Amino acid sequence: SQEGAMMDNRFATALVIACVLSLISTIYMAASIGTDFWYEYHTLSPAENVSEAGRTIWEEFVSKDADEKTYTDALFRCNGTVGLWRRCITVPKNSHWYSPPETDMTTNCISFSLSDQFVEKYIEPGNHNSGTDFNRTYLWRLQFLLPFVSIGLMCFGALIGLCACACRSLYPAIATGVLHFLAGLCTLGLVGCYVAGIELLHRKLPLPEDVRGEFGWSFCLACVSAPLQFMAAALFIWAARTNRKEFTLLKAYRVA
C-alpha cells in the first residue's frame, strides 16, 4: 500500500504540473491572439512625418479600401504595430496641416475583417495586376487559423481530462497528451508562418533607413506557449503510460 501511495503521489504531481502548464499556455495563447504587438516598427520622427502629410496618412490607413502597400507604408512611418487581428499607428492628436508638430500622440487602430484574413496577397503589394503570391497568401491564412486550432485542441484535451477525473482513470490522459502535442505543433506552425510572412513582406517592401522593425511581446507569448504545450503533453503521456505499466506489475506482484 505504501508503494501504491508513492506511485499515486508521483502521478498526481505530474498531472498537476501538466495542468498548470496547460493553463499557462492557454492564457499566453489567448493573450497573444488578442493583442496587437506581434510586430513593431520604430520610426525616428513619426510626428514630423505625419505633420508633413496632414491627415492623409491615417485617413488612408483606416479606409476600408486600404491595400497592403498603403497600410504597410503607414506602419513604417508612424510607429506601427501589427497583430493577428488589428493594425495600429501612432499619430499626433491634432494632425491638421496647419498645426505645429505635437508631442501629444494617440494610437489609432483598425481591425482586419474576416475577408481581409482570406484576401489574396499580390506579388507586388498594392498592384492587383501583378498576380497572386500564393506563398504569402497561404501563410497569412494559416497564421489566422492555427491559433484557434491550437486553443481548440487544448480545450478539447481539458474536457477529456475532466472526464478522466470523473472516471478516476489515467488512461484518457494519453489522449489529452496527444491533443496538447498537436496543439504545440499548431502553435509552432503559427510562429513559423508569421516569421516567414514578415520576411517575405519585407523583401517586397524593404524597411526605410530610418525605420527599425522587431518582433513584439505578443509574438514572444506565442513562442513561449509552444514549449509549454509540449511539456504538458509529455507529462500527461508519461503519467498515463507509466501508471499503466506499474499498475500491471503491482497487480502481478500481488497475485504472486
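Given the structure is predicted, the values throughout are model-derived calculations rather than measurements.
- The aromatic rings of F236 and H180 sit tilted, their planes meeting at an angle between 30° and 60°.
- Taking the six-membered ring for Trp and the full ring otherwise, Y39 and F219 have centroids separated by 6.0 Å or more.
- A cation-pi geometry, defined here as NZ or CZ lying under 6.0 Å from the six-membered ring centre and within 45° of its normal, does not hold between R141 and F118.
- Other residues, nucleotides and ligands contribute over 12 non-hydrogen atoms within 6.0 Å of the CD atom of E214.
- Side chain to side chain, Q229 and T26 fail the donor-acceptor criterion of an N or O pair below 3.5 Å.
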Report, one line per pair, each donor and acceptor closer than 3.5 Å where one atom sits in a side chain of residues 194-208; sequence neighbours left out.
{"residue": "H202", "atom": "NE2", "partner": "Y41", "partner atom": "OH", "Å": "2.9"}
{"residue": "K204", "atom": "NZ", "partner": "I123", "partner atom": "O", "Å": "3.3"}

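- Crowding of F156 atom CZ: a count of heavy atoms from other residues, nucleotides or ligands under 6.0 Å not exceeding 12.
- One hydrophobic cluster holds both F37 and L221 under the rule that ILVMFWY side chains link at heavy-atom gaps under 4.5 Å.
- Ring-centre distance between F144 and W85: below the 6.0 Å cut-off.
- Atom CG in L235 sits 7.0 Å away from atom CE in M231 (nearest 0.5 Å).
- Between I89 and Y71, every side-chain heavy-atom pair lies at or beyond the 4.5 Å cut-off.
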* To do: Start with the C-alpha gap between R136 and E68, add the side-chain angles, then the distance that decides, and say whether salt bridge (charged side-chain N to carboxylate O under 4.0 Å, His left out) holds.
  => CA-CA 12 Å; R136 293 198 306 117; E68 187 179 29; 2.7 Å; yes
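- Residue S150 holds its OG atom at 8.0 Å from CG of L190, rounded to the nearest 0.5 Å.
- Placement of F230 and I24 in two distinct hydrophobic clusters is found when ILVMFWY residues are connected by side-chain heavy-atom separations under 4.5 Å, directly or transitively.
- Of the candidates T81, N108, N79, N79 is the only one forming a side chain to side chain contact (heavy atoms under 4.5 Å, CB included) with T90.
- Taking CH2 from W38 and CH2 from W217, the interatomic distance works out to 11.0 Å, rounded to the nearest 0.5 Å.
- There is no path of hydrophobic side-chain contacts, each under 4.5 Å, that joins M154 to L23.
- Placement of Y28 and F215 in two distinct hydrophobic clusters is found when ILVMFWY residues are connected by side-chain heavy-atom separations under 4.5 Å, directly or transitively.
- Atom CD of residue Q143 and atom SG of residue C193 lie 7.5 Å apart, to the nearest 0.5 angstrom.
- Hydrophobic clustering, with ILVMFWY side chains joined whenever heavy atoms are under 4.5 angstrom apart, keeps L139 apart from V191.
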* Report the C-alpha distance between R86 and D36 in whole Å, list the side-chain angles of each, state the deciding distance to 0.1 Å, and finish with yes or no for salt bridge (charged side-chain N to carboxylate O under 4.0 Å, His left out). => CA-CA 6 Å; R86 296 203 307 173; D36 310 317; 2.6 Å; yes
* Would K69 and D73 satisfy salt bridge (charged side-chain N to carboxylate O under 4.0 Å, His left out), going step by step from the backbone distance to the final call? -> CA-CA 6 Å; K69 186 178 188 309; D73 287 341; 2.8 Å; yes
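- Atom SG in C88 sits 10.5 Å away from atom CD in E40 (nearest 0.5 Å).
- At distances below 3.5 Å, at least one donor-acceptor pair connects side-chain atoms of S130 with backbone N or O atoms of E124.
- The number of heavy-atom neighbours closer than 6.0 Å to CZ of F181, taken from other residues, nucleotides and ligands shown, is 12 or below.
- Taking the six-membered ring where the residue is Trp, Y138 and F134 present parallel rings, their angle staying beneath 30° rather than reaching 60°.
- Atom SG of C155 is separated from atom CD1 of I160 by 12.0 Å, given to the nearest 0.5 angstrom.
- In this structure, C186 and L146 have side chains that are in contact, with non-hydrogen atoms separated by less than 4.5 Å.
- Two residues are said to be in side-chain contact when any heavy atoms from C-beta on lie closer than 4.5 Å; P125 and D67 fail this criterion.
- E120 and T132 share a side-chain donor-acceptor pair at under 3.5 Å.
- Scanning both residues, L84 and F112, for their nearest heavy atoms gives O-CD1, 4.0 Å.
- A donor atom on one side chain and an acceptor atom on the other are not found under 3.5 Å apart for S218 and S32.
- Between the side chain of T176 and the backbone N or O of G157 there is at least one donor-acceptor pair closer than 3.5 Å.
- When every heavy atom of A233 is checked against every heavy atom of G177, the shortest pair comes out as CB-O, 3.1 Å.
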